[in-house]
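Right, one structure below, let's go through it.
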Number of protein chains: 2
Amino acid sequence: MRRQEGPSRRSRCPLNASLEVFGDSWSLMIVRDLMLRGARTFNEFLDGGEGIATNILTNRLQRLAAEGILIKARSTADHRKYLYRLTEKGIDLAPVLAEMIVWGARYEDTDAPPAVIREMELHPEEFLSQVRKQWKNRRSEPGG
Amino acid sequence: MRRQEGPSRRSRCPLNASLEVFGDSWSLMIVRDLMLRGARTFNEFLDGGEGIATNILTNRLQRLAAEGILIKARSTADHRKYLYRLTEKGIDLAPVLAEMIVWGARYEDTDAPPAVIREMELHPEEFLSQVRKQWKNRRSEPGG
DNA sequence: CCGGATCCGTTTCGATACTG
DNA sequence: CAGTATCGAAACGGATCCGG
């Protein structure tokens, strides 16, 4: 019970607040898998995130849920499954994600498709609106 | 000798590459102190970053220097001092920083001046050009 | 099978004291 | 001023086990 929330104990700076929420290696990967790769179940995160352990994944999903970035709910189609989806707060991480992807693609050695990166870089607002549009449609839980 | 570089061992995704470089609590705080708060010496980071320990600060400065995000050099004015400054690669983290600050200011409880945040949010390219302009002038090492 | 929980060895972090 | 050295605490990561 070490990590209780409380309205940002002493880190008033916005950057610190953000870092407290997703300032680790895994949280943003989970958000990316959710946002850009269509991952929705525990095991889809396990595959997509580069080798995260199950206990760490559980921990991060709980933290992100506690922060209101994602929501966990039982699948209506398959009752054994849980489905995770982004909240508005989580979707609004898209610009952060996009800038990190653009920077990584520019300066590190990656295999990112240049077209997608250029799209993110040159038309960020279109990228964001596409993400939003996809998440509008996803309410209907297709293929759950 | 655990952390040797190598051209991104297996993390080809740009996001993973970025997270490997600055995916921890402190690295981006240091970049922010450098970029937005004018910190340039070890002790200025110690004050600005919210209570970072000296060994951690040393470690992060070394890592960031090894990644080519900042450069450490002796002050020409005061030969006892070392001055840290951002490289182009480091300055290009400004958009990432800005988006994280905007998100944190929107969703977490912070004391950020709204005007600055709105400026970052509505005119990101102006914010970026201001940062760049400031770093042009900083070559002359004023007050070192 | 799905979604975890638990155990345990290893790694990293972080506070403080100390040094050139 | 700019870091090392030390050492306990915490986080990580792999493997395994468990409930539905």
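Sequence lines set the chain letters: A, B, ... in the order given, protein chains first and strands last, and positions in each chain run from 1.
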Report task. Write down the distance between CD (Glu44(A)) and C1' (dG3(C)), rounded to a whole number of angstrom. Result -> 13 Å
Query - Heavy-atom side-chain proximity of Arg63(B) to Phe22(B) below 4.5 angstrom - result: no
**Report entry** Any donor-acceptor N/O pair under 3.5 Å between dG14(D) base and Asn55(A) side chain
**Finding:** yes
Report task. Please report, rounded to the nearest Å, how far the P atom of dG3(C) is from the CZ atom of Phe45(A). Result -> 10 Å
**Report entry** Nearest-neighbour nucleotide for the Thr58(A) side chain, dG3(C), dC12(D), dA5(C) considered
**Finding:** dA5(C)
Query raised in the report: Under 4.0 Å between a side-chain N/O of Arg60(A) and OP1 or OP2 of dG4(C), yes or no?
Result: no
Requested in this report: Kindly say if Tyr82(A) contacts the phosphate of dG20(D), meaning a side-chain N or O under 4.0 Å from OP1 or OP2.
Outcome: no
Report summary line: Regarding the side chain of Lys72(B), the nearest nucleotide among dG3(D), dA5(C), dA15(C) is dG3(D)
Query raised in the report: Looking at the side chain of Phe42(A), which of dA2(D), dC12(D), dG3(C) is the nearest nucleotide?
Result: dG3(C)
Query raised in the report: When the distance from CZ of Arg80(A) to C1' of dC18(D) is rounded to whole Å, what number comes out?
Result: 17 Å
Query raised in the report: So do the side chains of Phe42(B) and Thr58(B) get within less than 4.5 Å of each other, counting heavy atoms only?
Result: yes
Requested in this report: May I have the distance from Asn43(A) (atom CG) to dC1(C) (atom C1'), rounded to whole angstrom?
Outcome: 9 Å
Requested in this report: State which of dT4(D), dG14(C), dC1(D) makes the closest approach to the side chain of Gln62(B).
Outcome: dT4(D)
Query - Distance, rounded to the nearest Å, where Leu46(B) contributes CG and dC1(D) contributes C1' - result: 10 Å
Query raised in the report: Are Tyr84(A) and dG4(C) close enough that a side-chain N or O sits under 4.0 Å from OP1 or OP2?
Result: yes
Report summary line: From the candidates dG14(C), dG3(C), dG4(C), the one with an atom nearest any side-chain atom of Lys81(A) is dG3(C)
Report task. Ignoring backbone atoms, establish whether Trp26(A) has a side-chain N or O less than 4.0 Å from OP1 or OP2 of dC12(D). Result -> no
Query raised in the report: Within a strict 4.5 Å, meaning less than it, do heavy atoms of the Glu67(B) and Lys89(B) side chains meet?
Result: yes
Query raised in the report: Any luck finding a side-chain donor-acceptor pair between Ser27(A) and Asp24(A) under 3.5 Å?
Result: yes
Report task. Confirm from the modelled atom types if Thr54(A) and dA5(C) form a donor-acceptor pair under 3.5 Å, side chain to base only. Result -> yes
Query raised in the report: Would you call Trp103(A) and Arg106(A) a side-chain contact if the rule is heavy atoms closer than 4.5 Å?
Result: no
Query - Ala53(B) side chain, from C-beta outward: closest of dC7(C), dA15(C), dG3(C) - result: dA15(C)
Query - Nearest to side-chain heavy atoms of Ile56(A), which nucleotide of dG13(D), dC13(C), dG3(C) - result: dG13(D)
Query raised in the report: Whole Å only: how far is the CG atom of Leu61(B) from the P atom of dG3(D)?
Result: 7 Å
Query - Spacing of Ile52(A) atom CD1 relative to dA5(C) atom P, expressed in whole Å - result: 14 Å
Query raised in the report: Between Asp78(B) (CG) and dA2(D) (C1'), how many Å, whole number?
Result: 12 Å
**Report entry** Distance-only donor-acceptor check, side chains Tyr82(B) and Arg74(B), under 3.5 Å
**Finding:** yes
